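Contents: one structure, followed by commentary.
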Number of protein chains: 2
Amino acid sequence: MPRNDNIPAPAVRRLSLYLRQLELFHAAEVPTVSSKELGETLHLSDAQVRKDLAYFGQFGQAGVGYRVPELIARVRRILGTDRKSNVLLVGWGNLGRALVSYRGFAEKGFEVAAVFDNDAAKIGRTVSAAAQLRVRPVADMPECVQALGIRLGILAVPAQAAQAVVEAMVQAGIRGVLNFAPVPLHVSGDVAISSVDLAVHLEQLSFQLTTGTE
Amino acid sequence: MPRNDNIPAPAVRRLSLYLRQLELFHAAEVPTVSSKELGETLHLSDAQVRKDLAYFGQFGQAGVGYRVPELIARVRRILGTDRKSNVLLVGWGNLGRALVSYRGFAEKGFEVAAVFDNDAAKIGRTVSAAAQLRVRPVADMPECVQALGIRLGILAVPAQAAQAVVEAMVQAGIRGVLNFAPVPLHVSGDVAISSVDLAVHLEQLSFQLTTGTE
DNA sequence: TTTTGTGAATTGCTTCACAGCA
DNA sequence: TGCTGTGAAGCAATTCACAAAA
């Protein structure tokens, strides 16, 4: 079994992009791809693709390339998305609502199975009639995490509430948090945090405009 | 004038985080910060902070640190967010609606000044009564970009439409695109693209759970 | 032939450690 | 003394280039 750790973080990030592209190739019924083809669609060198994949195992066939369906299955396994999993969302605001109805999560096997908010006006509101999902108070989180086997949570609350809420999430047993609040979060123990600051991305584009755009 | 180029990309990304943190310090009326203090809140070393800032100029005072309001002004200048700017959004779906009402953009000086979609059922719908903003057809984009001096665009359309729409954006004169569609975009010329794939971020967290969580 | 997997070389980023300034 | 700015050192990631496999 190929071992993790001392795998470069950039390689892990790219692994998700390889999977996404492989799924596009698969939809187009392409049976095999070479590292060169895969790299070109993602603006990466063939050597980069091969080196990255080699961190996780030996998937290719010399002279042929990588068999698309097989590599998809293997990469999903590595990323832990070969099975469906339940996730929760905290923050039933504009962004939270959009994220619950975002189809991309379900396509990757992530089901938003519980929604929390601490605004009394929102608690009890119907999130999805089909899934019989309603907004629940944050106090219900520990029980819910346990009952539904939830490990990942999405945090979409206002900045000033984020630190307190993430602590409640960790307390409830959440092991990984996707944070949309524009503040750095501090957590104890081995909980993974991934932060997405939407405004920061625009800011980075703005910077690239001021210099010779790369 | 300190020169750009050969500034490491990671340093530019962190510059946005420094600014965000400096704004928090400023709100708390902290007059000066040292590289050590700034680094600690962001889990970075003091040397990293100093080296990063030094790529852009000499902002600190030996023995004192960095004066918060001054450094904020300087960093905004560098990032090009010292003035308000108009941006446009294409894709009036769930995500698009959430992004228009997202306050974080306005706080950084980005005003969503035009919204486009090609769904006939959506064209003409009111986006914001206050701003007298309505959904317009994509064909109106070139005229609108010109009239409002728009340089940045947010792309929130379904994956299969993304490539065609980004080409229309570039054609209309857009110079930087924040892309939420889970596909790689290919553009001609010196147009900056920043892609955010929400599902990929969850996938990365999932991976961290399978290994010894870092 | 084509294309992988991988050591070796190279490039780039981060950390170290300290001179210089307030 | 406290802290910045920065060359030098160390480490990490990418690219090169080629032996081996189909």
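Each chain gets a letter, A, B and so on, in the order the sequences are listed, and its residues count up from 1. Keep in mind it's a predicted model, so treat the numbers as computed, not measured.
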When you check the gap from the basic side-chain N to the acidic O, do Arg74(A) and Glu70(A) get nearer than 4.0 Å? yes
Rounded to the nearest angstrom, tell me the gap between atom [atom1] in [X] and atom [atom2] in [N].
X        : N       : atom1 : atom2 : answer
Arg67(B) : dA22(C) : CZ    : P     : 14 Å
Lys36(A) : dT2(C)  : NZ    : P     : 11 Å
Leu71(A) : dT3(C)  : CG    : P     : 16 Å
Gln58(B) : dA19(C) : CD    : P     : 18 Å
Arg13(B) : dG12(C) : CZ    : P     : 15 Å
Arg50(A) : dT3(C)  : CZ    : C1'   : 7 Å
Asp52(A) : dT6(C)  : CG    : P     : 13 Å
Ile7(B)  : dG12(C) : CD1   : P     : 14 Å

Closer than 4.0 Å, any side-chain N/O of Ser35(A) to the OP1 or OP2 of dT3(C)?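 Negative; the distance criterion is not met.
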dT2(C) phosphate, OP1 or OP2, under 4.0 Å from Gln61(A) side-chain N/O: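 Indeed not, no polar side-chain atom of Gln61(A) lies that close.
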What nucleotide, of dC13(C), dG5(C), dT15(C), holds the atom closest to the side chain of Ser45(B)? dT15(C)
Assign each of Gly60(A) and Gly63(A) to its nearest nucleotide of DNA chain C by heavy atoms, then name whichever residue's nucleotide is nearer the 5' end.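 Closest to the 5' end, via its nearest nucleotide, is Gly63(A).
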With nearest nucleotide decided by heavy atoms, which residue, Ala47(A) or Val64(A), maps closer to the 5′ end of DNA chain C?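 The residue closer to the strand's 5' end, by nearest nucleotide, is Val64(A).
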For Leu148(B), does its backbone N or O pair with a side-chain atom of Asn86(B) as donor and acceptor, under 3.5 Å?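 A pair under 3.5 Å: yes.
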Do any N or O atoms from the side chain of Glu23(A) and from the backbone of Ile72(A) form a donor-acceptor pair under 3.5 angstrom? no
Checking side-chain contact (heavy atoms from CB on, under 4.5 Å) for the pair Asn94(A)/Arg97(B): CA distance, chi angles, key distance, verdict? CA-CA 8 Å; Asn94(A) 283 310; Arg97(B) 266 175 271 244; over 6 Å; no
Could you give the start and end, 5' to 3', of the contact zone on DNA chain D for chain A, using atoms under 4.0 Å from its heavy atoms?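 So the outermost contacting nucleotides come out as dA13(D) to dA22(D).
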Heavy atoms under 4.0 Å, any strand shown: does Lys51(A) hit a base, just sugar-phosphate, or nothing?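 Answer is base: heavy atoms of Lys51(A) come under 4.0 Å of a base.
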Establish, from distance only, whether the side-chain atoms of [X] and [Y] form a donor-acceptor pair under 3.5 Å.
X         : Y         : answer
Glu167(B) : Gln163(B) : yes
Ser16(A)  : Glu203(B) : yes
Asn179(A) : Ser195(A) : yes

Taking the nucleotide of DNA chain D with the nearest heavy atom to each, does Gln48(A) or Ala62(A) sit closer to the 5' end?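 Comparing both residues, the 5'-ward one is Gln48(A).
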